[in-house]
Colleague: 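Quick one: structure below, then a few questions.
A quick note: this is a predicted structure, and the numbers were derived from the prediction, not measured. Protein chains get the first letters and strands the later ones, always in sequence-line order, with residue 1 at the start of each.
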2 protein chains.
Amino acid sequence: MEKAEEILKIKDVNPTAVRILVLRYLLEHLKPQSLKDIEKGLMHTDRSSIFRSLKTFEEKKVVHSIEDGSGMIKYAVCPTGCNCDPQDLHYHFYCTKCSYTYCLLDNPIPIIKLPQNFKMQRANMVVKGLCNKCS
Amino acid sequence: MEKAEEILKIKDVNPTAVRILVLRYLLEHLKPQSLKDIEKGLMHTDRSSIFRSLKTFEEKKVVHSIEDGSGMIKYAVCPTGCNCDPQDLHYHFYCTKCSYTYCLLDNPIPIIKLPQNFKMQRANMVVKGLCNKCS
DNA sequence: TAAACTTTGCAATTGAGTTGCAGTATATTC
DNA sequence: GAATATACTGCAACTCAATTGCAAAGTTTA
Ligand SMILES: [Mn+2]
Ligand SMILES: [Mn+2]
Ligand SMILES: [Zn+2]
Ligand SMILES: [Zn+2]
């Protein structure tokens, strides 16, 4: 079994044709990809089908999404063992020049002291600036 | 001179009628407000004029914007002394139930170790979950 | 005052995201 | 295996926040 199929099996997602294509596309690309990126990459697959695959993936924790302020949500395959819990979260970096987004997997986000009775569920942490290629 | 006018003077922004109204509206509200919120609040002011005021404010560092994933950018007046530099940045909290956004001004964001040659300019740090009123 | 520049309101456009629906494929039941 | 139920897909249409073009109104400068 290939990597994509394996992941879908583990995360309990029906391995349909479109889903395998989308997940493979994400696995083949190091950096988080937008719906449009994927649509361009998979030229014969419909946008709304890709969109629904991504929604399913997110729900089943196959991928996580990043709101990097570019106007397009980016998607990246969750690292092994990730369950999208607060302790699994990581920073992202958005390059304002080349508009690539990076998962910064090396350091987890610290525990953030919230006001009384605020309960954290998720986070979207984006550092913006210039990446190594653009600085 | 009133607070809004004072701020505009300090930040070198022409204190036009619309700008004063918009800035006052933001000052009167504790929580970051969206363009639509402001439009609703200032019923006789045109959306695009408010929009352009906000863009000017952001450029001149009168306000900072928050991409909280709600689909609408929120704007909040910068705290005194803020210059929107990395050390001025703070976390935000987005309540997934009431969809209010909060500036968490008490703790600044820590220094984040970036990969070699990545240069930070700005950040958009959003913790999501339930606020005190909703949890 | 006249010219130059800035700001504003209105209408129209953009574009990512989302949805309804009918056709196709896959799974389940008989 | 055929009949039925369920899941998935492609297409077209729609939503809605953001953005823009433009001309009118307001302000500053010469
Ligand atoms: Mn990531
Ligand atoms: Mn803030
Ligand atoms: Zn870059
Ligand atoms: Zn709340």
Colleague: Can you give each donor-acceptor pair under 3.5 Å made by side-chain atoms of residues 55-63 of chain B, sequence neighbours left out, with the distance rounded to 0.1 Å?
Modeller:
unit_1, atom_1, unit_2, atom_2, d
T56(B), OG1, R52(B), O, 2.9
E58(B), OE2, S65(B), OG, 2.5
K60(B), NZ, D12(B), O, 2.9

Colleague: With a 4.0 angstrom cut-off to heavy atoms of chain A, pull out the first and last contacting nucleotide of DNA chain D, in 5'-to-3' order.
Modeller: dA7(D) to dC11(D)
Colleague: To the nearest Å, give me how far apart CD (E59(B)) and P (dT7(C)) are.
Modeller: 11 Å
Colleague: How are the rings of H64(A) and H90(A) set to each other: parallel, tilted or perpendicular (split at 30° and 60°)?
Modeller: perpendicular
Colleague: What residues form a side-chain contact (heavy atoms from CB on, under 4.5 Å) with M72(A), not counting sequence neighbours?
Modeller: S34(A), K36(A), S70(A)
Colleague: Using the side-chain hydrogen bond (donor to acceptor under 3.5 Å, both in side chains) criterion, which residues pair with D46(B)? Sequence neighbours excluded.
Modeller: S48(B)
Colleague: Side-chain N or O of N14(B) versus OP1/OP2 of dT7(C): is the shortest distance under 4.0 Å?
Modeller: yes
Colleague: Without hydrogens or angle criteria, can the side chains of K119(A) and S135(B) be said to hold a donor-acceptor pair below 3.5 Å?
Modeller: no
Colleague: I'd like to check the ring pair (Phe, Tyr, Trp, His ring centres under 6.0 Å) partners of F118(B); sequence neighbours left out, ordered by chain and number.
Modeller: F93(A), Y102(A)
Colleague: Would you say the side-chain atoms of T45(B) and E39(B) include a donor-acceptor pair closer than 3.5 Å?
Modeller: no
Colleague: Could you check whether any side-chain heavy atom of Y94(A) comes within less than 4.5 Å of a side-chain heavy atom of S99(A), counting everything from C-beta outward?
Modeller: yes
Colleague: At under 4.0 Å between heavy atoms, which parts of nucleotides 9-24 of chain C does protein reach? Answer with one letter per nucleotide, 5' to 3': B base, S sugar-phosphate only, - none.
Modeller: BB-----SBBBBB---
